[in-house]
There are 2 protein chains.
Amino acid sequence: MDIFTTMQEERGRLSQSEIRIADIVLNDFEFAVNASIIELAGKADVSPPTVTRFCRRLGCESFSDFKVQLARTAYVGMRYLKPEPKSIAPADVAQDIITKAQNALFLLHRGLDVAAIERAANRLAGAEMIYAFGSGGNSSMIATELQNRLFRLGLRITASSDHSMQLMMAAAAKPTDVLIGSSFSGRNAELVRAFALAREAKVPTIALTQSESPVARAAEITVPVDLPEGDNIYRPTSTRIAYLAVVDILASLVAYRIQPQATVTLRRIKQQLVTHRDGDDRQLLGD
Amino acid sequence: MDIFTTMQEERGRLSQSEIRIADIVLNDFEFAVNASIIELAGKADVSPPTVTRFCRRLGCESFSDFKVQLARTAYVGMRYLKPEPKSIAPADVAQDIITKAQNALFLLHRGLDVAAIERAANRLAGAEMIYAFGSGGNSSMIATELQNRLFRLGLRITASSDHSMQLMMAAAAKPTDVLIGSSFSGRNAELVRAFALAREAKVPTIALTQSESPVARAAEITVPVDLPEGDNIYRPTSTRIAYLAVVDILASLVAYRIQPQATVTLRRIKQQLVTHRDGDDRQLLGD
DNA sequence: GGTTCCTGCAAATTATTTTCTTGATAAGTT
DNA sequence: AACTTATCAAGAAAATAATTTGCAGGAACC
């Protein structure tokens, strides 16, 4: 696990001096990664040995190990503590957006429920027909994306962003089919209804959404995508990128399930996928 | 710029001993960030002072500064040297995909032409009508995304993935309009034709595409998105994520151009954007 | 009052850098 | 062609700085 999370989790169990150290590191880590143990100790009003002990308690080998861990996680992973771009100068805006996107991926990875995603991939791989639902600019893009990725693997799939169609499709689906729906907020009532309808008919249901949300509760398998609220509201792109990554992981796992040529190297499998996708044309499919 | 790039660029100007050090760092970076100067020197068959001089030559303050830089860039930025996932176990596949996505963002940021993106944003902010073009699953998503993001700012925009419609629209566009098109490969001939048509009629054109490609040459302003070929072919998601980030940057810059309330804090501006987007509903727009 | 644990001091250890020197290479000179 | 000189890489050793360990005082909590 990353050092920042550890620091925040352990904070309660630390002594006074150690908390002071932790706070300095958390607030001004630019200083912390560059400082020597003496400088850091000085700033926290503790002795160098206390800093060493602090590092040990956090599971690091030594102070320099701690700094490496820090620097390593720092590039992404902690910038979300400073949510503002420095200015509206294009370079700063760009950096802000890219960092936040990387962060979303970092947080996604940290909280990813691999078991759930694997269950979902297995279901999709075995489905006779897949219905991908999502509404609004964001989730409908995810549904379309699922279709784009999965039909290339030879699966039967349709995507819909139309609530009425979703209900009708859910009613028409069979237990050998799979219904997969995406909702960033988890509060898409129509999607919940479609899930309920499907479950009555024993149709397997998969949700990509916030855990503990109505949509999550309505689905049989939930792949939780939980990101800090702030990101959702101010910058939908970060969340969307996380969802896209989830779709990509799902599609890759499904691909491996469908073509389980264990003796072939991974690279081969990938190239087959590419060939499968693009035919003889090396140009990226669909531009 | 990042330490890995520096190392590769400077490699030619290094001495024999320094090249040995560089190669060890590049090949076994996990060792390098954890090693002491003595261990690293030992492995490279040089003396510790040579390592110090090596770090200095690369623009670092000291050996520990070098290690911090290394660890910092390493989280992303260098993993593309190891392009294979460790196994097809779900956790490894997930890590691979997420790392590649973060990498794509890293590379995008490194090569981003901020000036071009700013020019593009200015054009878009002043347009009377915007035509967003892109075909195939990937670029059409980008075109749709542009529409989703820009119409919320009060701009007039339409997106099309239909080549015939694109040509007709390009022919109908006026010099006060803007045509923006996306092509991952840069070899979308129909888009080139649309650009040519628009330029004849003095309609400003913006391309999001590979630099030095036919599409790039056809447009007045090109926002280059250059990522290593490998990523493009094997995992379209990485590239797509980079393009999405570009769209996000563009949209944010346009937003700042349109609402230039310099006295208002950035947070306020953002909140206004949110309000603008979502009305009274705090739910994420469009799910 | 005893125990435990935090903490800093000082010493020891270790790591890093500076200085100095040697050796190699290359260009210029006799 | 042989020698000289300049330049620079690179290691040895010394100096310096940083880090860790051992130990003891003291506070807080039984």
Side-chain angles (χ1 to χ4, degrees), chain A residues 3 6-74, chain B residues 3 6-74:
Chain A
I3 195 85
T6 312
M7 249 189 308
Q8 279 164 334
E9 279 174 1
E10 292 287 311
R11 198 174 182 281
R13 260 157 289 170
L14 298 177
S15 69
Q16 284 307 103
S17 313
E18 288 173 330
I19 287 175
R20 278 208 302 284
I21 301 172
D23 286 345
I24 283 171
V25 173
L26 288 171
N27 287 324
D28 190 357
F29 92 167
E30 216 33 70
F31 164 82
V33 283
N34 293 313
S36 75
I37 197 171
I38 294 168
E39 290 170 312
L40 180 57
K43 193 157 182 179
D45 259 323
V46 299
S47 64
T50 305
V51 176
T52 296
R53 286 187 276 255
F54 168 78
C55 300
R56 292 270 158 79
R57 179 173 297 217
L58 260 41
C60 298
E61 277 288 305
S62 63
F63 175 67
S64 50
D65 183 33
F66 172 75
K67 281 214 294 192
V68 166
Q69 299 265 349
L70 207 59
R72 167 178 291 218
T73 318
Chain B
I3 195 83
T6 313
M7 248 188 308
Q8 279 163 334
E9 278 173 2
E10 292 288 310
R11 198 175 182 282
R13 259 157 289 171
L14 297 177
S15 69
Q16 285 305 104
S17 314
E18 288 173 330
I19 286 175
R20 277 208 303 283
I21 300 172
D23 287 346
I24 283 172
V25 173
L26 289 170
N27 286 325
D28 191 356
F29 134 98
E30 219 31 71
F31 164 81
V33 281
N34 293 314
S36 75
I37 196 171
I38 294 168
E39 290 170 314
L40 179 57
K43 192 157 182 177
D45 259 322
V46 298
S47 64
T50 305
V51 176
T52 297
R53 285 188 278 255
F54 168 77
C55 300
R56 294 267 158 80
R57 180 174 292 215
L58 259 41
C60 298
E61 278 287 305
S62 63
F63 175 66
S64 51
D65 184 32
F66 171 74
K67 280 214 295 190
V68 166
Q69 301 263 351
L70 207 58
R72 170 176 287 216
T73 319

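Side chains are part of it too, since the values below use all heavy atoms of this structure and drop only hydrogens, waters and symmetry mates. Lettering follows sequence order; numbering is per chain, from 1.
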Colleague: Determine the contact category for B:Asp65: base if any of its heavy atoms lies under 4.0 Å from a base atom, sugar-phosphate if only primed atoms, P, OP1 or OP2 are that close, otherwise nothing.
Modeller: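 Counting heavy atoms under 4.0 Å across all strands, no contact is made by B:Asp65.
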Colleague: Can you see whether A:Ser62 engages A:Ser64 through a side-chain donor-acceptor pair at a distance of less than 3.5 angstrom?
Modeller: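 Short answer, yes.
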Colleague: Quickly, which of A:Asp45, A:Leu26, A:Thr50, A:Leu58 forms a side chain to side chain contact (heavy atoms under 4.5 Å, CB included) with A:Ile21? Name it, please.
Modeller: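 Output: one option passes, namely A:Thr50.
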Colleague: Looking at every non-hydrogen atom in both residues, tell me the closest pair between A:Pro48 and A:Ala41 and how far apart they are.
Modeller: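 Closest approach of A:Pro48 to A:Ala41: N-CB, 3.6 Å.
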Colleague: Roughly how far, to the nearest 0.5 Å, is CG of B:Leu70 from CG of B:Asp65?
Modeller: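 Spacing of CG (B:Asp65) from CG (B:Leu70) equals 11.0 Å.
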Colleague: Considering non-hydrogen atoms only, spot the tightest contact between B:Asn34 and B:Glu39 and give its length.
Modeller: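 Closest pair (atom of B:Asn34, atom of B:Glu39, distance): O-OE1, 4.3 Å.
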Colleague: For D:dA10 and B:Arg20 - does any side-chain N or O of the residue sit under 4.0 Å from the phosphate oxygens OP1/OP2?
Modeller: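 Answer is no, no contact under 4.0 Å.
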Colleague: Just by modelled atom types, is the A:Arg13 backbone N or O under 3.5 Å from a matching donor or acceptor in the A:Arg57 side chain?
Modeller: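 Pair found, side chain donor or acceptor close to backbone of A:Arg13.
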Colleague: Indicate yes or no: does A:Arg72 engage B:Glu30 in a salt bridge with an N to O separation below 4.0 Å.
Modeller: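 Salt bridge flag = yes for B:Glu30 with A:Arg72.
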Colleague: Where does the chain A footprint on DNA chain C start and end, counting 5' to 3' with a 4.0 Å heavy-atom cut-off?
Modeller: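 For DNA chain C, the relevant span reads C:dC6 to C:dA10.
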Colleague: Atom pairs, N/O to N/O, protein against nucleotides 14-21 of chain D, distance under 3.5 Å?
Modeller:
unit_1, atom_1, unit_2, atom_2, d
D:dT19, OP2, A:Ile37, N, 2.5
D:dT20, OP1, A:Phe63, N, 3.1
D:dT20, OP2, A:Thr52, OG1, 2.8
D:dT21, OP2, A:Arg56, NH1, 2.8

Colleague: Taking all atoms of both residues into account, what is the closest heavy-atom pair of A:Phe66 and A:Cys60, and its distance?
Modeller: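 Between these two residues, the closest heavy atoms are CA-SG, 3.7 Å.
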